[in-house]
Structures are given as C-alpha cells and as structure tokens.
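Numbers here simply count residues along the sequence, with the first being 1.
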Amino acid sequence: NTNGRWPDVLAQRIQADKVLAGMGVLNAGINGNRLLRDGDGGESALRRFDRDVLAQAGVKYLIVLEGINDIGHIVSASPSDPADTAQSLIRALEQIVQRAHTHGIKVIGATITPYENCKYASPEGEKMRAAVNDWIRTSKSLDGIADFDKIVRDPAHPTRFLPAYDSGDHLHPNAAGLRAMAESIDLRLLLK
C-alpha cells in the first residue's frame, strides 16, 4: 500500500503537470490477469473491457499492458485451457484498440516486459513476447507507445530485467522499475 505502482507514479506526474493536473488515472490492472481467457486473475481483459474502460466516465486515454500471463500459460496449457499464439494476442489487442477508438478513446500500447528465468519462462513464450512487442512498436493503429520493455530490460541480456529493476521473481518490476516505467511515459501523448 505504498502507492508505488506505475499508474500511481503516473498519476503523481500528471498532477504535477500544470496542463494535465485535472486528469485522473484509473488503475484497472489485475495481478495474474490474462488478455484472452479467464483464469486465476479473474475475467479476461477482453471480457472486462466494457465494464472497466468503456463504462467509466470521461475516459480519454487507455494504456494497455496485457499479455505476459497469456504468454506464460504455455507451460501449463491443457486441452481445457489451451495456450494462445502471438497472433491471437495481437488480434485481441487490435480488438481493444478498435473498440476504444469507436468510443473516442486513444490507446497507448505498453510493451511486455522481460521474463527470462521466471517460473513460467519458455523459449516459445519469448518468441511470442517479441512478436507482440514488435506489433506494439510498429502498429499504425495505436495512438502511442510506452516502451516498458526497453526501459526495464538489461541491455546486456534483453530478455531479462535489469537487476536494479527486478523484484527478484524475474517477472515483476520492483519499486524502482515501476517508477522508471511511469517516468518513461511521454506525457505529450495525453495532450493529443
């Protein structure tokens, strides 16, 4: 409860900005959540999109950071809960962008952070992560990018967290990593 999550730090930055100070930040992130399928993290992001984004008053921008739990699910997939593909994740993100745009909401895509050496890392998953991040970085449908991967990765080992930003589980950023992520967001994206 230290209010140190990246949306908290982003909210502090926005409130300190004379132009943006009236804007609020709603954090609808759920630990363990998946983009496409319901699971331990509750309803999928696609399923809760209308309630958590479209039904909220005054939403102008959406920063979407989803997919690592779908990617990590490769190692525990089963016939009743199969693994997804990079293409299915990209299609889901495209659907979110289209639905948001239909309601006048601009979408900032956040790249998926490294996860090598975490409990559900796999070579197949890393290929998926790279493909989804490539789409985020090159998509013409997004209104902006928050390149969290670039900010927290170790330049000597780009599939791993920079040690200074690793919480210790090799999946989640620590407080310094969360702050770096929030500080990397170009606030000019919120003026468009």
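Once rounded to the nearest 0.5 Å, the distance linking CH2 of W135 with CG of L142 reads 4.5 Å. Distance CG/N133 to CE/M128: 11.5 Å, rounded to 0.5 Å. Annotation: the span from N69 atom CG to I30 atom CD1 amounts to 11.0 Å, rounded to 0.5 Å. Note that the CG atom of L190 and the CZ atom of R13 stand 9.0 Å from one another [nearest 0.5 Å]. Summarising the geometry, atom OG belonging to S167 is positioned 7.0 Å from atom NE2 belonging to H172; distances are rounded to the nearest 0.5 Å. Atoms CD1 and OH, from I71 and Y120 in turn, are 8.5 Å apart once rounded to the nearest 0.5 Å.
Of the charged side-chain nitrogens involved, none lies within less than 4.0 Å of a carboxylate oxygen, so that D134 and R137 do not count as a salt-bridged pair. A salt bridge links D38 to R47: one of the charged nitrogens lies within less than 4.0 Å of a carboxylate oxygen. Here R34 does not pair with E66 in a salt bridge; the nearest charged N to carboxylate O distance is not below 4.0 Å. One finds no salt bridge joining E94 and R91 here, because no Lys/Arg side-chain nitrogen approaches an Asp/Glu carboxylate oxygen to under 4.0 Å. Taking a cutoff of 4.0 Å between a charged side-chain nitrogen and a carboxylate oxygen, R160 and E116 qualify as a salt bridge.
At a threshold of 4.5 Å between side-chain heavy atoms, the hydrophobic network of Ile, Leu, Val, Met, Phe, Trp and Tyr places V25 and W6 in one connected group. Criterion: ILVMFWY side-chain heavy atoms under 4.5 Å apart, direct or through other members. Under it, L46 and L26 are not part of a common hydrophobic cluster. Cluster annotation: L65 and L62 are assigned to distinct hydrophobic clusters (Ile/Leu/Val/Met/Phe/Trp/Tyr, side-chain heavy-atom contacts under 4.5 Å, transitive). At a threshold of 4.5 Å between side-chain heavy atoms, the hydrophobic network of Ile, Leu, Val, Met, Phe, Trp and Tyr places F49 and I68 in one connected group. Note on I145 and I112: same hydrophobic cluster, where clusters join Ile, Leu, Val, Met, Phe, Trp and Tyr whose side-chain heavy atoms are under 4.5 Å apart, directly or indirectly.
Scanning both residues, L178 and P173, for their nearest heavy atoms gives CD2-CG, 3.5 Å. Between Q15 and A21 the shortest heavy-atom distance is OE1-O, 2.6 Å. Taking every heavy atom of both residues into account, I14 and M23 meet most closely at CG2-O, 3.6 Å. Contact between A86 and V132 at its shortest, heavy atoms only, is O-CG2, 4.1 Å. Scanning both residues, F161 and L171, for their nearest heavy atoms gives CE1-O, 3.4 Å. Between I136 and A110, the shortest heavy-atom distance links the atoms CD1-O, 3.4 Å.
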Discussion item. If you apply the rule side-chain hydrogen bond (donor to acceptor under 3.5 Å, both in side chains), what do you find for D147 with T111, and how did you get there?
Written reply: CA-CA 5 Å; D147 201 344; T111 54; 2.8 Å; yes
Worksheet item: Checking salt bridge (Lys or Arg N to Asp or Glu O under 4.0 Å) for the pair D84/R37: CA distance, chi angles, key distance, verdict?
Response: CA-CA 9 Å; D84 291 297; R37 299 179 195 276; 3.0 Å; yes
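For the residue pair D81/H73, the side-chain donor-acceptor check at 3.5 Å is satisfied.
Among the candidates H101, K106, K192, the single residue satisfying the side-chain hydrogen bond (donor to acceptor under 3.5 Å, both in side chains) test with D143 is H101.
H103 places a side-chain N or O within 3.5 Å of a backbone atom of R99 that can act as its donor or acceptor partner. Between the D70 side chain and the L35 main chain, a donor and an acceptor come within less than 3.5 Å of each other. Judged by distance alone, with hydrogens and angles left aside, the side-chain atoms of D50 form no donor-acceptor pair with the main-chain N or O of L54 at under 3.5 Å.
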